[in-house]
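The structure appears right after this line, and notes come after that.
Along the sequence shown, the residues carry numbers beginning at 1.
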Amino acid sequence: MYNVKVYVTYKKSILDPQGEAIKTALHRMEHQDVMQVTVGKYFEMQIKDNGQNIDAQVNKMCDELLANVNMETYRYEITEAAKVEE
């Protein structure tokens with residue numbers, strides 16, 4: 001079993017309107033030191049070991065569903081889940 005964390009954000013060349021709105025609100029709340037806010041998506045998954053390449057599986061999931069690869073970029077972390085004794 002694997003624990004997978006996926007982080008999806010806009011590419012650097014894409015305007016992040018939600019992030020800009022949050023930054024503006026923070027400035028109005030007197031947090032002038034905030035220079036940039038990036039809003040993204042975060043996913044946690046548990047994937048059972050089926051003998052296939054876990055990296056390839058996660059990349060495929062991200063490319064096909066979790067991220068819009070035209071506008072977003074993603075990164076992920078994979079760790080082996082602790083085995084639970086039955």
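Side-chain contact check for Glu80 versus Tyr2: some heavy-atom pair is nearer than 4.5 Å. At a threshold of 4.5 Å between non-hydrogen side-chain atoms, the residues Val6 and Met45 count as touching. Looking at Tyr74 and Lys41, their side chains never come closer than 4.5 Å, going by heavy atoms from C-beta outward.
Cluster annotation: Met71 and Leu15 are assigned to distinct hydrophobic clusters (Ile/Leu/Val/Met/Phe/Trp/Tyr, side-chain heavy-atom contacts under 4.5 Å, transitive). Both Val69 and Leu66 are members of a single hydrophobic cluster when ILVMFWY side chains are connected at heavy-atom separations under 4.5 Å.
With rounding to the nearest 0.5 angstrom, the CZ atom of Arg75 is 11.5 Å from the SG atom of Cys62. In this structure, CD1 in Ile47 is found 7.0 Å from CD1 in Ile78, a value given to the nearest 0.5 Å. Between atom CG of residue Asn53 and atom NZ of residue Lys60 there is a gap of 12.5 Å, rounded to the nearest 0.5 Å. Atom CD in Glu64 sits 10.5 Å away from atom CG in Asn59 (nearest 0.5 Å). Between Thr79 atom OG1 and Asn3 atom CG the span is 4.5 Å, to the nearest 0.5 Å.
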request  = Apply side-chain contact (heavy atoms from CB on, under 4.5 Å) to Tyr76 and Asp55, showing your working.
outcome  = CA-CA 9 Å; Tyr76 55 86; Asp55 280 304; 3.1 Å; yes
inquiry  = The test is side-chain contact (heavy atoms from CB on, under 4.5 Å); show your working for Lys5 and Phe43 and say whether it passes.
reply    = CA-CA 6 Å; Lys5 296 178 182 180; Phe43 303 93; over 6 Å; no
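One side chain, Gln57 or Asn50, offers a donor N or O that lies under 3.5 Å from an acceptor on the other. Tyr42 and Glu44 are linked by a side-chain donor-acceptor pair at a separation below 3.5 angstrom, with hydrogens and angles left out of the test.
Every residue was checked against the side chain to side chain donor-acceptor pair (under 3.5 Å) condition with Tyr10, not counting sequence neighbours, and none meets it.
The shortest heavy-atom contact between Gly40 and Thr9 is CA-CG2, 4.2 Å. Scanning all heavy atoms of the two residues, the minimum distance from Thr73 to Lys11 falls at N-CG, 4.1 Å.
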Show me the side-chain donor-acceptor pairs of residues 18-33 shorter than 3.5 Å, one per line, residues at least two apart or across chains.
unit_1	atom_1	unit_2	atom_2	d
Thr24	OG1	Glu20	O	3.0
His27	NE2	Val34	O	2.7
Gln32	NE2	His27	O	2.5

